[in-house]
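Just so you know, ligand 1 is whichever comes first in the structure, and atom 1 is the first atom listed for that ligand.
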Amino acid sequence: MKRPPERYRDFADVTTSARVVIKIGSSSLVGEDGALNLERMAEVARCAAHWQKSSGAAVTLVSSGAIAAALPVLGFRERPRELATQQVLAAVGQPLLLAAWRDVFAELGLSAAQFLLTEDDLSCVSRRTNIRAALEPVQGLGAITIINENDAVATGEISFGDNDRLAALVAQTVGADLLLLCTDIDGLYTAAPGTPGAQRIPLVRDFSELAGISLGTVGSKVGTGGMVTKLEAAQIATEAGCATLVLQAADLPLVFSRLAEGSEHCPGTFFAASDSCRGDRRQ
Ligand code: GLU
């Protein structure tokens with residue numbers, strides 16, 4: 001088998017046995033009508049299940065969408081501002097979200113293993129060790145890991161993040177090779193997408209290349225992430241040796257087929273891993 005490179009500098013460097021973390025944001029999981037987009041979820045599930053089967057490496061899903069799933073159920077037209085109300089929405093929406101993931105993965109013969117985590121859980125050495133130990137056998141038992149923030153006890157991602165930061169910390173914890181940050185924009189642009197002259201940035205090898213680029217901080221109607229939190233997440237992951245791709249959720253099947261082909265070309269914006277050595281990443 002081809003030896004993986006020491007550092008993922010280009011998309012083609014990410015191997016066919018890569019451990020992948022897929023983060024999918026709220027805006028990519030609900031349709032125009034505000035209901036969960038089951039077709040999108042089935043498509044993500046097909047990509048994850050196929051990669052897990054063909055590569056032999058675990059895929060970890062970090063899914064937002066609990067609050068978004070509960071909005072129509074509890075009669076909200078838009079996301080309320082009050083934090084405690086959002087926590088209740090998350091508590092109502094999480095079982096709905098998980099039921100939808102359970103159903104789409106069941107079609108593919110996989111069980112959904114739910115982990116509700118906080119940043120503190122991943123920062124505390126003993127808890128992090130327990131989490132890693134529990135994640136390790138998931139794939140071998142015929143399941144797939146689905147992570148969300150435990151919004152009843154932590155509100156970091158509700159307030160600002162839509163799970164981007166959590167996904168990067170998860171990627172670090174599982175020693176992922178590739179973090180896929182799926183959103184509703186097809187990558188990072190030199191200016192707000194749609195403004196004259198704005199161009200997609202296909203590759204970032206060093207964050208200093210981004211000096212001078214202005215980024216919107218506002219998330220969508222249903223989520224709280226934006227390009228700023230994606231960049232922060234990319235920085236955490238790449239410093240841990242994990243390459244990161246910011247992509248449009250609809251491009252996920254294309255990304256997996258390009259990965260399988262060992263192609264140099266991918267949609268979105270690819271952030272090269274920094275110089276940390278692969279061995280250190282899984283410590
Ligand atoms: N944990 C939140 C959810 O599932 C994600 C944060 C957000 O949507 O802002 O809804």
Side-chain angles (χ1 to χ4, degrees), residues 21-38 40-41 44-45 48 60-105 112-123 131 144-171 173 179-185 215-233 236 246 249:
V21 172
I22 305 172
K23 182 263 160 175
I24 181 143
S26 307
S27 60
S28 306
L29 284 176
V30 291
E32 293 285 307
D33 58 355
L36 284 172
N37 182 342
L38 298 177
R40 163 65 45 73
M41 294 176 87
V44 173
T60 304
L61 206 60
V62 176
S63 172
S64 303
I67 294 173
L71 289 174
V73 176
L74 295 189
F76 286 86
R77 290 233 172 119
E78 55 187 43
R79 190 170 165 138
R81 281 166 174 262
E82 204 196 334
L83 214 47
T85 310
Q86 292 189 48
Q87 288 176 280
V88 175
L89 282 157
V92 170
Q94 183 61 27
L96 306 175
L97 180 69
L98 225 282
W101 281 124
R102 180 201 61 202
D103 291 350
V104 293
F105 277 109
Q114 172 180 256
F115 287 70
L116 296 177
L117 304 177
T118 67
E119 181 167 347
D120 281 353
D121 294 330
L122 295 171
S123 310
I131 292 162
I144 185 143
T145 303
I146 301 178
I147 294 175
N148 197 354
E149 184 179 57
N150 189 348
D151 293 316
V153 297
T155 53
E157 299 289 348
I158 289 185
S159 311
F160 189 66
D162 200 15
N163 285 346
D164 291 328
R165 184 176 169 84
L166 184 70
L169 297 175
V170 166
T173 302
L179 169 63
L180 299 174
L181 294 174
C182 302
T183 184
D184 44 6
I185 301 169
L215 303 161
T217 50
V218 185
S220 66
K221 252 195 331 196
V222 291
T224 53
M227 216 29 99
V228 172
T229 60
K230 305 246 165 348
L231 285 193
E232 283 167 1
I236 295 169
V246 174

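Within the 4.5 Å cutoff, the side chain of Lys230 has heavy atoms near those of the Lys23 side chain. Between Gln94 and Leu97 there is a side-chain heavy-atom pair separated by less than 4.5 Å.
With no hydrogens or angles considered, no side-chain donor-acceptor pair links Ser123 and Asp120 at under 3.5 Å.
Every atom of ligand 1 is numbered from 1 in the order shown, and the set under 4.0 Å from a heavy atom of Ala66 is 3 (C), 4 (O), 10 (O). When each atom of ligand 1 is checked for a heavy atom of Ile67 under 4.0 Å away, the hits are 3 (C), 10 (O). Close contacts of ligand 1 with Gly65, meaning ligand atoms under 4.0 Å from a residue heavy atom, involve 3 (C), 4 (O), 10 (O). Against a heavy-atom cut-off of under 4.0 Å, Asp151 is close to the following atoms of ligand 1: 1 (N), 2 (C), 3 (C). Every atom of ligand 1 is numbered from 1 in the order shown, and the set under 4.0 Å from a heavy atom of Ser64 is 4 (O), 5 (C).
For Ser26, every heavy-atom contact with ligand 1 shorter than 4.0 Å involves the side chain, none the backbone. Proximity of Gln86 to ligand 1, defined as any heavy-atom pair under 4.0 Å, is not found for any part of the residue. Only the side chain of Asn148 comes within 4.0 Å of ligand 1, judged by heavy-atom distances.
Across every non-hydrogen atom of Gln86 and Arg81, the tightest pair is NE2-O, 3.2 Å. Of all the heavy atoms in Asp164 and Ala233, the pair that sits closest is O-CB, 3.3 Å. Summarising the geometry of Leu166 relative to Thr118, their closest heavy-atom pair is CD1-C, 4.3 Å, with the distance given to 0.1 Å. Minimum interatomic distance between Trp101 and Ser63 (heavy atoms only, all atoms of both residues): NE1-OG, 2.9 Å.
Within the structure, ligand 1 lacks Gln87 among the residues with a heavy atom less than 4.0 angstrom away. For the pair Ala90 and ligand 1, no heavy-atom separation below 4.0 Å is found.
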